[in-house]
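Along the sequence shown, residues carry numbers from 1.
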Amino acid sequence: MKIAVIGATGQLGRVVAAEATARGHHVTPLHRDAVDVTDPVSVTAAVSGHDAVVVAVKGPDRLVPRGAQALLDALPAAGVDRLVFLGGGGSLEYAPGLRFVDGPDFPAQYVQTARDQAEALDILRAASTAVRWSYVSPPPIHLVPGDRTGTYRTAAGDTPIVDASGDSRVTTGDYASAVLDALESGSFVQQRFTVGY
């Protein structure tokens, strides 16, 4: 596949781009100097001719939800129908209807970013669109640097995956591998899914 990775210089975008390259895909890394993710015209020009777009962005002024809307507007014009949005884990639920981001123990420095990511998910879910989107959530807190082990699990929905000890965690390498698995298999279309051990 020919995959455009918006935010390819960031922590997760870089790992996903490397995993895609290792699997033999053609990767176009796009950073903020190459594309304005909030501008549909800029996005259309940057991703035209690709089979899929992976997005890993964060920033002030509601950049993430504004980017989600711009992508939904731009991708059909660019002739791209597959989008994988690297989202947050804070909007996952620790009990029905209760999100981690709204809980008392969620790290204060990440609250606004998590709420922006949650808004982006809401935008994707509410959209009437031909874009085959997937929103990938890491564990709410424990996305840790590390290599791919291949032992991870994935599941659609709003509940984090936990291991036998009740912990929800995954390495960046396994998270990236799960992203590529979804792209290659065409799974989790119009769904949020999460990754864990």
Side-chain angles (χ1 to χ4, degrees), residues 1-91 109-121 123-124 127 129 131-138 143-148 170-184 192-193 195:
M1 284 187 288
K2 191 174 181 185
I3 304 170
V5 180
I6 298 176
T9 56
Q11 175 192 4
L12 288 180
R14 183 173 61 249
V15 179
V16 170
E19 177 70 17
T21 300
R23 293 190 186 201
H25 300 294
H26 181 277
V27 175
T28 303
L30 298 169
H31 47 77
R32 65 185 59 184
D33 293 337
V35 60
D36 177 357
V37 74
T38 66
D39 177 9
V41 174
S42 176
V43 173
T44 299
V47 306
S48 185
H50 290 81
D51 300 305
V53 175
V54 175
V55 182
V57 294
K58 63 180 178 179
D61 302 321
R62 297 182 59 253
L63 181 141
V64 175
R66 287 166 54 222
Q69 186 60 62
L71 287 155
L72 289 173
D73 294 340
L75 264 57
V80 181
D81 75 343
R82 188 71 170 112
L83 169 66
V84 177
F85 202 96
L86 306 191
S91 59
Q109 67 268 34
Y110 301 129
V111 167
Q112 190 56 56
T113 296
R115 288 185 175 153
D116 284 351
Q117 291 281 6
E119 186 180 350
L121 175 59
I123 288 168
L124 293 171
T129 179
V131 175
R132 297 181 305 125
W133 61 265
S134 299
Y135 182 102
V136 194
S137 286
L143 175 62
V144 296
D147 295 333
R148 174 165 58 92
V170 78
T171 62
T172 53
D174 280 332
Y175 177 87
S177 186
V179 169
L180 266 296
D181 289 349
L183 271 175
E184 292 174 348
R192 183 244 285 272
F193 73 97
V195 189

Determine yes or no for a side-chain-to-main-chain donor-acceptor pair under 3.5 angstrom, with [X] supplying the side chain and [Y] the backbone.
| X | Y | value |
| --- | --- | --- |
| Thr171 | Asp147 | yes |
| Thr129 | Leu72 | no |
| Arg148 | Ser177 | no |

Smallest heavy-atom separation, Ala176 atom then Val15 atom, equals CB-CG1, 3.5 Å

Least distance between heavy atoms, Ala17 atom then Val27 atom
O-CG2, 3.8 Å

May I ask you to test the [X]-[Y] pair for a side-chain heavy-atom distance under 4.5 Å?
| X | Y | result |
| --- | --- | --- |
| Leu30 | Val5 | no |
| Val195 | Val179 | no |
| Val131 | Pro76 | yes |
| Ile3 | Leu180 | yes |
| Glu119 | Arg62 | yes |

Ring pair (Phe, Tyr, Trp, His ring centres under 6.0 Å) against Tyr135, all qualifying residues, sequence neighbours excluded
Phe85

Phe193: what forms a ring pair (Phe, Tyr, Trp, His ring centres under 6.0 Å) with it, not counting sequence neighbours?
Phe188

Please check if any side-chain donor atom of Arg192 sits under 3.5 Å from a side-chain acceptor atom of Ser137, or the reverse.
yes

When the side chains of residues 46-58 are checked against the rest of the protein, which donor-acceptor pairs come out under 3.5 Å, sequence neighbours left out?
from: His50; atom 1: ND1; to: Val47; atom 2: O; distance (Å): 2.9
from: His50; atom 1: NE2; to: Thr28; atom 2: OG1; distance (Å): 2.7
from: Asp51; atom 1: OD2; to: Lys2; atom 2: N; distance (Å): 2.7

Run Leu63 and Asp116 through side-chain contact (heavy atoms from CB on, under 4.5 Å) and show every step you take.
CA-CA 8 Å; Leu63 181 141; Asp116 284 351; over 6 Å; no

Decide yes or no on side-chain contact (heavy atoms from CB on, under 4.5 Å) for Thr9 and Arg14, but give the supporting numbers first.
CA-CA 5 Å; Thr9 56; Arg14 183 173 61 249; 5.6 Å; no

Looking at residues at least two apart in the chain, or sitting in another chain, which of them share a side-chain contact (heavy atoms from CB on, under 4.5 Å) with Arg132?
Asp81, Arg82, Val189, Gln190

Leu143: partners by side-chain contact (heavy atoms from CB on, under 4.5 Å), with sequence neighbours left out
Leu12, Pro138, Val170, Thr172, Tyr175

Supply the atom-to-atom distance Thr38 OG1 to Asp61 CG, rounded to the nearest 0.5 angstrom.
10.0 Å

Rounded distance [0.5 Å steps], CG in Asp73 versus OG1 in Thr44
8.5 Å

In sequence, state the C-alpha distance, the side-chain angles, and the governing distance for Ser91 and Gln117, and then conclude on side-chain contact (heavy atoms from CB on, under 4.5 Å).
CA-CA 8 Å; Ser91 59; Gln117 291 281 6; 5.9 Å; no

Who are the side chain to side chain donor-acceptor pair (under 3.5 Å) partners of Glu184, not counting sequence neighbours?
Arg23, His25

